[in-house]
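Below is one structure, written out as structure tokens; comments come after it.
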Amino acid sequence: MPAVPTVVTAPAVRRPDAATGGDDPAGLRDVVVAWFDEHARDLPWRAPDRTPWGVLVSEVMLQQTPVVRVAPAWHAWMTRWPTPADLAAASTADVLRAWDRLGYPRRALRLQDCARAVVERHGGQVPDDEAALLALPGVGSYTAAAVRAFAFGRRSVVLDTNVRRVLARAAAGTALPAPAQTVAEVRRAEAFVPDDDAAAARWAAASMELGALVCTARAPRCDACPVRDGCAWRAAGYPGDEHAARRRTQAWAGTDRQVRGRVMALLRDALGPVPQHAVDAVWPDAGQRERCVEALVADGLAVRTPGAGDDHPATYRLPH
DNA sequence: AAACCGGGGAG
DNA sequence: CTCCCAGGTTT
């Protein structure tokens, strides 16, 4: 077996007796938390002066964007709109421009909707109740659990892609978790969460950090891993990814997402309304382009102003 | 359950 | 080049 494994796509050979690390949640927890105490990154949303709203903003930004790209954007964002009330009152066009190229701009719209909901439903204070958090726009099971843990120090089951991978390997002995989250997986994750609020919050941060820094997807750094000796995946001889055949790679070139991104970039960078011919220039396939522009309008990310004759074409802009 | 939604950087 | 990333919403 390799000292530092690479996740291969070959079929896995399963060993029924391999789960030597999965039977000791408390032991695994302790070494991960101890490792975290020494290796935690000094992220801005972990600073002592953080606010619940700042944590929520960071979680929404991090939903599909890596830490290194979120950090500077988060700082600028929180400086400009420190509270939910500030963001609720902002121009949506400014919000979308500040979101810049973080990706999935609908997240920016939902974040502003979330700010408005926090103001209207909760007096401008982020709730610590799970049901109230889940009811906020853009907040799903992961983000609700993360806000409870990282903003309020409350117990919750934080199960993101990193934690899923750590538990899949250390506890279940598989190379990677299933493509979609399973009920059994949530139950297993629950077994690892300490009863105590503070300990649960620390485990959440520590397990995520281990997945982000050591137990990475492609080339895990097992030689630097604190749970190496208790890892079921390592004990089983690093079997390959049993779900490899069912994982589909998301295409990018030529997709609607690329077209939408180009149109949004055009509208973001424009100083005023963008004439139809400028929009037409960003993508050659008229059918796909028009469909994407319609979708952006329907999503509330773009606004069309009808034209008036050949000399006055329709124009597009960001929503106010 | 599955489709849809951005963009950049690592390998 | 391919693959990855602190998910949520909609159908």
Side-chain angles (χ1 to χ4, degrees), chain A residues 4 6-9 36 40-41 43-46 54-74 96 99-111 113-114 133-151 156-166 175-183 189 201 204-213 215-221 241 244 246-268 291-292 295-296 298-301:
Chain A
V4 177
T6 297
V7 176
V8 295
T9 57
F36 182 64
R41 288 171 293 181
L43 301 175
W45 45 88
R46 287 177 178 169
V55 171
L56 196 157
V57 171
S58 77
E59 293 301 339
V60 172
M61 288 182 170
L62 289 163
Q63 278 170 4
Q64 202 70 195
T65 305
V67 166
V68 289
R69 293 176 55 208
V70 164
W74 180 89
L96 290 171
W99 193 260
D100 195 42
R101 297 186 171 188
L102 289 180
Y104 296 115
R106 290 192 296 196
R107 289 187 292 157
L109 291 185
R110 293 196 194 110
L111 185 55
D113 288 341
C114 178
L133 284 166
L134 280 172
L136 296 172
V139 176
S141 60
Y142 164 73
T143 304
V147 168
R148 272 178 58 79
F150 305 145
S156 62
V157 182
V158 177
L159 192 56
D160 77 325
T161 184
N162 288 307
V163 180
R164 292 186 65 210
R165 188 171 55 250
V166 168
L176 293 170
Q181 185 175 296
T182 65
V183 174
S207 54
M208 289 178 64
E209 197 80 335
L210 187 70
L213 298 181
C215 196
T216 56
R218 181 93 58 113
R221 296 150 64 174
D241 176 20
R246 296 185 51 227
R247 297 187 197 280
R248 54 180 189 279
T249 61
Q250 286 191 324
W252 164 245
T255 62
D256 287 1
R257 288 190 299 168
Q258 184 181 24
V259 180
R260 289 166 58 102
R262 286 195 182 184
V263 174
M264 288 304 294
L266 178 68
L267 300 187
R268 273 199 311 267
R291 180 161 48 80
C292 288
L296 289 173
D299 286 346
L301 288 165

* M208(A) vs V139(A), nearer the 5' end of DNA chain C by closest nucleotide ->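 Closer to the 5' end of DNA chain C: M208(A).
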* Return the 5'-most residue of the pair S141(A), R165(A) with respect to DNA chain C, ranking by each residue's nearest nucleotide. =>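 Checking each residue's closest nucleotide, the 5'-ward one belongs to R165(A).
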Give [X] one of three labels, base, sugar-phosphate or nothing, depending on what nucleic acid heavy atoms sit under 4.0 Å from its own.
{"X": "L43(A)", "value": "base"}
{"X": "G140(A)", "value": "sugar-phosphate"}
{"X": "W45(A)", "value": "base"}

List every contact pair, protein side and nucleotides 8-11 of chain B side both N or O, where the distance is under 3.5 Å.
from: dG8(B); atom 1: OP1; to: R101(A); atom 2: NH1; distance (Å): 2.9

If the condition is side chain to side chain contact (heavy atoms under 4.5 Å, CB included), which residues does [X] pass it with, not counting sequence neighbours?
{"X": "A73(A)", "result": "L102(A)"}
{"X": "A149(A)", "result": "S156(A), V158(A), A201(A), A204(A)"}
{"X": "R106(A)", "result": "R110(A), R260(A), D299(A), L301(A)"}

* To do: Tell me, please, which residues at least two apart from N162(A) pass side chain to side chain donor-acceptor pair (under 3.5 Å).
  =>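 N162(A) satisfies side chain to side chain donor-acceptor pair (under 3.5 Å) with D160(A), R165(A) only.
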* Asked: Who pairs with R291(A) by side chain to side chain donor-acceptor pair (under 3.5 Å), at least two apart in sequence or on another chain?
  ->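 Per chain and number, R291(A) pairs via side chain to side chain donor-acceptor pair (under 3.5 Å) with D256(A).
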Integer-rounded Å distance: [N] [atom2] and [X] [atom1]:
{"X": "L296(A)", "N": "dC5(B)", "atom1": "CG", "atom2": "C1'", "result": "11 Å"}
{"X": "N162(A)", "N": "dG7(C)", "atom1": "CG", "atom2": "C1'", "result": "12 Å"}
{"X": "D256(A)", "N": "dT10(C)", "atom1": "CG", "atom2": "C1'", "result": "16 Å"}
{"X": "Q258(A)", "N": "dC5(B)", "atom1": "CD", "atom2": "P", "result": "13 Å"}
{"X": "R257(A)", "N": "dG6(B)", "atom1": "CZ", "atom2": "C1'", "result": "6 Å"}
{"X": "F36(A)", "N": "dA6(C)", "atom1": "CZ", "atom2": "P", "result": "14 Å"}
{"X": "L102(A)", "N": "dG7(C)", "atom1": "CG", "atom2": "P", "result": "14 Å"}
{"X": "R107(A)", "N": "dT10(C)", "atom1": "CZ", "atom2": "P", "result": "16 Å"}

* To do: To the nearest 0.5 Å, tell me how far L56(A) CG sits from T143(A) OG1.
  =>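 The CG atom of L56(A) sits 7.0 Å away from the OG1 atom of T143(A).
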* Asked: How far does the P atom of dA3(B) sit from the matching atom of dA6(C), given to the nearest Å?
  ->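 Here dA3(B) and dA6(C) have their P atoms 24 Å from each other.
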* To do: In whole angstrom, give me the gap between the P atoms of dG6(B) and dT10(C).
  =>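 The same atom, P, in both gives a distance of 14 Å.
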* Asked: Taking the side chain of R260(A) as its heavy atoms from C-beta onward, which of dA6(C), dC5(B), dG7(C) lies nearest to it?
  ->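 The listed nucleotide nearest to R260(A)'s side chain is dC5(B).
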* Asked: Are a donor atom and an acceptor atom from the side chains of Y142(A) and Q63(A) found within less than 3.5 Å of each other?
  ->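 No - no donor-acceptor pair under 3.5 Å links their side chains.
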* Asked: Can you find a donor-acceptor N/O pair under 3.5 angstrom joining the side chain of T65(A) to the base of dG6(B)?
  ->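 Side chain to base: pair found, below 3.5 Å.
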